[in-house]
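All ligand and atom numbering here is 1-based and tracks the order in the structure. FYI, side chains are in, hydrogens and waters are out, and symmetry mates aren't considered; it's all heavy atoms of this structure.
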Amino acid sequence: MPSLARLLGLAALAVSASAIIPPGNQGALNQTVNVSEDDTPTTDNESIVNTLGQVNQKSGAATNSTPPSAPIPPTIVTALDGTLTNTTVTDVASNSTAPSSRRRSAKRQRSRYTEVFSGLAPGVHDASIEGTAYLTYTVVPNSTYNIDACLDYCDTVEDCVFVNLYYEFNDYLLDFVFSQESNLVCAAYSDIHNATEKINFGGQSSYPQVGNETVPLTYITQSSGWAADSLTEPEDPDGYTLVFGPTGGANNAPGYMGFAFLSFYDVDGCAALCNGRGTDPVGGGCSYFNI
Ligand SMILES: *[C@@H]1O[C@H](CO)[C@@H](O)[C@H](O)[C@H]1NC(C)=O
Ligand SMILES: *[C@@H]1O[C@H](CO)[C@@H](O)[C@H](O)[C@H]1NC(C)=O
Ligand SMILES: *[C@@H]1O[C@H](CO)[C@@H](O)[C@H](O)[C@H]1NC(C)=O
Ligand SMILES: *[C@@H]1O[C@H](CO)[C@@H](O)[C@H](O)[C@H]1NC(C)=O
Ligand SMILES: *[C@@H]1O[C@H](CO)[C@@H](O)[C@H](O)[C@H]1NC(C)=O
Ligand SMILES: *[C@@H]1O[C@H](CO)[C@@H](O)[C@H](O)[C@H]1NC(C)=O
Ligand SMILES: *[C@@H]1O[C@H](CO)[C@@H](O)[C@H](O)[C@H]1NC(C)=O
Ligand SMILES: *[C@@H]1O[C@H](CO)[C@@H](O)[C@H](O)[C@H]1NC(C)=O
């Protein structure tokens with residue numbers, strides 16, 4: 001079973017030396033690259049690796065600002081050809097005809113989940129996940145440690161393959177503002193994470209200052225992680241066909257045009273970037289991508 005878990009969505013775009021009509025616009029298949037490998041750039045993996053060191057796509061539930069069950073954000077292009085950015089695929093590839101948001105695939109059957117890591121004992125301070133491909137969060141009824149409610153929630157969230165369930169204490173919005181009146185947080189991701197990424201220990205002051213009383217700091221307990229047993233394969237974007245993979249290796253190949261970092265493993269978004277890429281000095285449009 002191919003794993004869609006990725007440290008980062010990486011997209012390398014390749015050139016074809018002939019027509020500029022992108023695949024998303026029904027351009028010809030198998031356009032001939034009539035240049036020798038010496039004449040055309042190959043994948044600039046050094047620039048990709050350098051950019052990797054500058055981009056941070058790890059996050060978790062922002063309970064201090066966002067209410068539960070907020071809509072999932074669009075895919076963000078966090079870097080383009082080595083320059084850090086913070087923009088949507090639609091903005092980058094505004095003249096692309098391909099769909100620019102993650103494909104809304106048919107709803108999965110009820111998934112089965114396996115515990116990746118368990119929480120520490122009740123009362124012991126623990127930490128929540130800061131990880132890639134964070135989607136959204138909810139709170140579930142906290143009269144018990146409600147694992148099933150959290151897994152059920154993941155089933156309802158598009159592309160959710162992993163949840164992190166934990167209690168967050170002394171969070172003013174959870175305790176007094178949000179209508180659910182629960183501090184049992186269920187954070188959804190489209191990448192799978194493990195206990196090495198338990199790095200958010202809380203420690204913020206969330207309650208308002210009253211007189212000279214000490215404001216209690218937030219803290220986290222019983223942080224467990226659950227991964228879906230089966231992952232759905234992305235569908236082919238319009239005009240594209242899967243050539244290989246997923247594998248554990250990336251292309252290092254001629255006809256290279258550039259790269260983008262994406263906030264999600266978003267095959268459609270990468271296709272949209274390819275379609276909107278335009279021509280390069282070798283004279284062709286993008287006809288292939290490796291994500
Ligand atoms: C594209 O190229 C591959 C490999 O050369 C070949 O097997 C395939 O039939 C070609 N497809 C079309 C539509 O020409
Ligand atoms: C490729 O380039 C060579 C030499 O420039 C030329 O003779 C040949 O016709 C070209 N082939 C195509 C398919 O354009
Ligand atoms: C880039 O790829 C080449 C060829 O595979 C390899 O020799 C080199 O170490 C790579 N550079 C980095 C920074 O990964
Ligand atoms: C990206 O832009 C959005 C909207 O302007 C902002 O809320 C967010 O903090 C920015 N993210 C980064 C990493 O700069
Ligand atoms: C459940 O959450 C509410 C709101 O945060 C909190 O007041 C209450 O103490 C929590 N109950 C348990 C058992 O943790
Ligand atoms: C946990 O995730 C980190 C970061 O993705 C990875 O480096 C590490 O190998 C993983 N550990 C296990 C036990 O899977
Ligand atoms: C807090 O304020 C009250 C009244 O303003 C004062 O009596 C008390 O000594 C203060 N406590 C501390 C620890 O400063
Ligand atoms: C999109 O815009 C770029 C830059 O203006 C241009 O080079 C490219 O040809 C356009 N692509 C399409 C598919 O219209």
Do the side-chain N and O atoms of [X] and [Y] include a donor-acceptor pair separated by under 3.5 angstrom?
X	Y	value
Asp126	Tyr219	no
Thr218	Ser206	no
Asp266	Thr75	yes
Ser47	Asn50	no
Ser263	Gln57	no
Asp155	Tyr113	yes

**Message:** Among all the protein's heavy atoms, is there at least one whose distance to atom 14 (O) of ligand 3 comes out below 4.0 Å?
**Reply:**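 True for atom 14 (O) of ligand 3.
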**Request:** Mark whether atom 2 (O) of ligand 4 lies under 4.0 angstrom from at least one protein heavy atom.
**Result:**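 For atom 2 (O) of ligand 4 the answer is yes, since some protein heavy atom falls inside 4.0 Å.
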Distance to 0.1 Å, residue and atom name: give those for the protein heavy atom nearest to [atom].
atom	answer
atom 8 (C) of ligand 5	Asn142 ND2, 3.9 Å
atom 11 (N) of ligand 3	Asn45 ND2, 3.1 Å
atom 12 (C) of ligand 4	Asn86 ND2, 3.3 Å
atom 7 (O) of ligand 5	Asp175 OD1, 4.6 Å

**Request:** Report, in ascending order of atom number, the atoms of ligand 5 lying under 4.0 Å from any heavy atom of Leu174.
**Result:**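 Within the 4.0 Å cut-off of Leu174, ligand 5 contributes 4 (C), 5 (O).
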**Asked** For ligand 5, which atoms, with element, lie under 4.0 Å from some heavy atom of Glu181?
**Response**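 Once the distances to Glu181 are compared, the set is 2 (O), 3 (C), 4 (C).
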**Request:** Could you tell me which atoms of ligand 3, counted from 1 in the order shown, lie closer than 4.0 angstrom to a heavy atom of Asn252?
**Result:**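 Result: 2 (O), 4 (C), 5 (O).
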**Request:** Give me the ring orientation class for Tyr207 and Phe176: parallel if the planes are under 30° apart, tilted from 30 to 60°, perpendicular past 60°.
**Result:**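 Rings of Tyr207 and Phe176: perpendicular, as their planes differ by over 60°.
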